[in-house]
Amino acid sequence: MHFKTWILFVRTIISFALSPKGFSKYSLAGKKLFSLTFRYPDKSKHSFGFFLKKYLEALSCKRIAIDDTCHVYKQGDVFFYDNDSSINNEKARKGHIEYFLKKPVNGSIWKDKLLCYFSWGDKFLQLVFETLLFIFLLPLTLFVEYEGSLGMIFIEYIELVNLIKVVKKEKVKTLYYYSIYEKDSNISSIALQNEGVKVNKITSLTPLRFWNGIIVAADKLILCDMNQLDEIEELKNTVQVNQVEVWGPETISVSAGHYTNKAQYNTNKDVIGFYSTASYIRAMQGEVDHEFSMRNEGLVKAYLAEYLNRNPSKKLIVFPHPREKRKENQSLVEDHYNLYFKGLNYTLFESELPSSLCFDAADLGVAMYSSVMYERLYFGFKCLMMPGEEGLELPGEALSYICAKSKEELFAKMDMFSNYTVLEYFEKTGLKQSPFMVELLSNQ
């Protein structure tokens, strides 16, 4: 297994090096390996020191039992794979799949547990093949854009070897694969298919081209947002899948039961909801800034403050990001929003419930950019985004239409969208109604 996986990494990297603009699954998987990832801080993406650090981290991984890397509800058949083994995430992923399959899954495998070894024999082979990887990758540090991403390959190699071991032990036939934005998701799915496993990849709510522009080796691609359908044709060279199916947001098993009454959509037109990304906290923690600048969020908050000044009858509800809800950040969050909105008609939404269960608290949702906006749209609530005056272009005319590129456009669309009913909003913007919306409206 170690040799086979090592050869696969070498093959994908060489395929990309020889054909950087190629569209074979191996070349595309190699290209993804060299892309940015969320798994290191911004300061490490160009760091040779980080490359060395990851090599040493891989060599020093700990021994654990193979059963600690997965949760088996019933052996064999259908499992899912993700990178966050927390209880809440496991419950959400399990509920998401079972909501649409209408039957239980048999288990889960956790990427965040796979950096390990199961026996002394494993440890010896890891030392051998990690050293061979180091020799192979070291010259590439002179040419690649992100040494940090190159260093992550040391980790990803061990995780993939162990993933295959777990899949074989538990006799997994079909794997529902989450977190496909991870840069090793494509090489992993190639390896899984080579072992006879059916791989069904599940997207996030954001447009494919932001984080999931390369998707290969998927027996089925499951979309979480209706607007992603328009992207499949545009990305046909880099999204190579056998079948496409539309599901819905990952939280649907919890959220759907909350939005079953059309009366919930008759919200107060003077209430605006601002959905935070906690960009200022992310900046303090040094996170990688990928596709667009989080600094634009401060500008949106400043414009909202001006809008409230001009429209005293309007009320703003700030929906904090989960990071902002942490107890240790309470005073920081209060001070931050008081800088913008003190003395205006605003409130911080104080609830233990996730935002996905509170969409009806605001008539119009506003954000710089947030995946929760797509969730609002799925359940039939109005949205308006302002991802930057310079720039983030959302795919498709409908998504572009619900974005503002200037303060004047933001104010005009806030006035206009607030006056629309839900059906008028979807009709005039050209946004697709989700299966949930269609069924809700047909039952009224």
Side-chain angles (χ1 to χ4, degrees), residues 1-10 12-13 29 32-41 43-45 47-72 79-86 89-90 107-138 140-141 146-170 172 175 177-179 181-192 195 288:
M1 185 57 61
H2 281 270
F3 177 72
K4 192 174 181 180
T5 305
W6 187 86
I7 288 294
L8 179 59
F9 270 92
V10 171
T12 56
I13 291 170
K32 186 72 172 177
L33 284 175
F34 288 91
S35 65
L36 278 171
T37 174
F38 293 102
R39 297 181 78 183
Y40 51 64
K43 65 181 180 180
S44 299
K45 62 185 178 184
S47 171
F48 180 74
F50 183 82
F51 172 84
L52 294 175
K53 177 183 176 182
K54 287 298 158 182
Y55 170 62
L56 296 174
E57 182 180 333
L59 291 180
S60 59
C61 65
K62 296 181 179 180
R63 181 175 183 172
I64 66 172
I66 193 169
D67 291 342
D68 292 333
T69 65
C70 59
H71 296 159
V72 180
F79 274 53
F80 65 90
Y81 180 55
D82 198 15
N83 62 2
D84 175 8
S85 58
S86 66
N89 187 61
E90 180 175 12
S108 57
I109 305 172
W110 301 105
K111 183 179 178 69
D112 61 353
K113 300 290 187 181
L114 291 175
L115 183 59
C116 62
Y117 64 95
F118 303 130
S119 67
W120 288 113
D122 274 343
K123 184 64 176 178
F124 173 75
L125 290 172
Q126 284 179 6
L127 290 172
V128 171
F129 285 98
E130 285 289 315
T131 301
L132 291 174
L133 262 182
F134 183 84
I135 294 170
F136 176 70
L137 294 176
L138 183 60
L140 298 181
T141 60
Y146 305 120
E147 291 96 327
S149 292
L150 202 63
M152 289 302 301
I153 292 176
F154 297 120
I155 306 297
E156 292 157 350
Y157 166 78
I158 293 176
E159 290 173 339
L160 180 51
V161 170
N162 288 337
L163 172 61
I164 300 299
K165 287 178 180 289
V166 176
V167 163
K168 285 184 151 186
K169 176 182 179 291
E170 300 302 336
V172 177
L175 190 68
Y177 198 125
Y178 285 94
S179 300
Y181 57 78
E182 294 277 8
K183 68 185 188 67
D184 62 337
S185 62
N186 291 301
I187 191 173
S188 296
S189 57
I190 291 173
L192 288 164
E195 297 297 329
V288 171

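Predicted, not measured: the structure shown is a model, and the values here were computed from it.
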Under a 4.5 Å cut-off applied to non-hydrogen side-chain atoms, are Leu59 and Gln126 in contact? no
Please examine the side chains of Ile13 and Phe34, heavy atoms only from C-beta on, and report whether any two atoms are closer than 4.5 Å. yes
Min side-chain heavy-atom separation Met152-Leu33 under 4.5 Å: no
Whether Lys165 and Glu159 form a salt bridge (side-chain N of Lys/Arg under 4.0 Å from carboxylate O of Asp/Glu) is what I want to check. no
Compare every heavy atom of Asp84 with every heavy atom of Asn89, then report the nearest pair and how far apart it is. ND2-O, 2.7 Å
Among all residues two or more places apart in sequence or in another chain, which pass the side chain to side chain donor-acceptor pair (under 3.5 Å) test with Tyr157? His2
Considering residues, nucleotides and ligands other than Lys113, do more than 12 of their heavy atoms fall under 6.0 Å from its NZ? no
Take a 6.0 Å sphere around NZ of Lys123 and say whether it holds more than 12 heavy atoms from other residues, nucleotides or ligands. yes
What distance do Leu8 atom CG and Phe3 atom CZ have between them, rounded to the nearest 0.5 Å? 11.5 Å
Electrostatic pair Lys111-Asp184, nearest N-O below 4.0 angstrom: yes
Give a yes or no on whether the ring-centroid distance for Phe136 and Phe9 is below 6.0 angstrom. no
Glu170 versus Cys70, closest heavy-atom pair with distance: OE2-SG, 4.0 Å
Here's a test for you: under side chain to side chain donor-acceptor pair (under 3.5 Å), which of Asp112, Asp68, Thr69 qualifies with Ser85? Asp112
Out of curiosity, Ser108 OG to Asp82 CG, how far, rounded to the nearest 0.5 Å? 9.0 Å
How close do Glu130 and Ala58 get, heavy atom to heavy atom, and via which atoms? OE1-CB, 3.4 Å
Does the ring center of Tyr181 lie less than 6.0 Å from the ring center of Phe38? yes
Can a salt bridge be assigned to the pair Glu156 and Lys54 using a cut-off of 4.0 Å between side-chain N and carboxylate O? no
On a heavy-atom basis, the closest approach of Tyr81 and Leu175 is CB-CD2, 3.8 Å
Do Phe79 and His71 have side chains that get closer than 4.5 Å, going by heavy atoms? no
Report yes or no: does Asn162 contribute a side-chain atom to a donor-acceptor pair with the main-chain N or O of Leu114 at less than 3.5 Å? yes
List the atom of Phe118, the atom of Ile64, and the distance in Å for their closest heavy-atom pair. CD2-O, 3.3 Å
Could you state the interatomic distance from SG (Cys116) to NZ (Lys62), rounded to the nearest 0.5 Å? 12.0 Å
Check Asp122 with Arg63, please: is the shortest side-chain N to carboxylate O separation under 4.0 Å? no
For residues Thr131 and Tyr55, determine if any side-chain heavy atom of one lies less than 4.5 Å from a side-chain heavy atom of the other. yes
What I'd like to find out is whether the side chain of Asp67 reaches to under 4.5 Å of the side chain of Lys169, using heavy atoms alone. yes
Going by the angle between their ring planes, with limits at 30° and 60°, are Phe51 and Phe48 parallel, tilted or perpendicular? parallel
Glu195 vs Val167, side-chain contact (heavy atoms from CB on, under 4.5 Å): CA-CA, chis, key distance, verdict: CA-CA 9 Å; Glu195 297 297 329; Val167 163; 5.8 Å; no
Okay, side chain of Ser47, backbone of Ser44: is any donor-acceptor separation there less than 3.5 Å? no
Go through it in stages, so that I can follow the logic: the residues are Phe134 and Leu52, the test is side-chain contact (heavy atoms from CB on, under 4.5 Å), and I'd like the CA-CA distance, side-chain angles, deciding distance and then a yes or no. CA-CA 9 Å; Phe134 183 84; Leu52 294 175; 3.7 Å; yes
In this structure, which one of Leu160, Ile187, Ile164 forms a side-chain contact (heavy atoms from CB on, under 4.5 Å) with Leu192? Ile164
Mind checking whether Tyr117 and Ile158 have side chains closer than 4.5 Å, heavy atoms only? no
To the nearest 0.5 angstrom, please state how far the CG atom of Leu150 sits from the CG atom of Leu133. 9.5 Å
Using a distance-only test with no angle check, is there a side-chain donor-acceptor pair under 3.5 angstrom linking Tyr40 and Ser149? yes
Can you tell me how far the NZ atom of Lys32 sits from the OG atom of Ser188, to the nearest 0.5 Å? 12.0 Å
Considering only heavy atoms from C-beta outward, does the side chain of Leu36 approach that of Lys45 to under 4.5 Å? yes
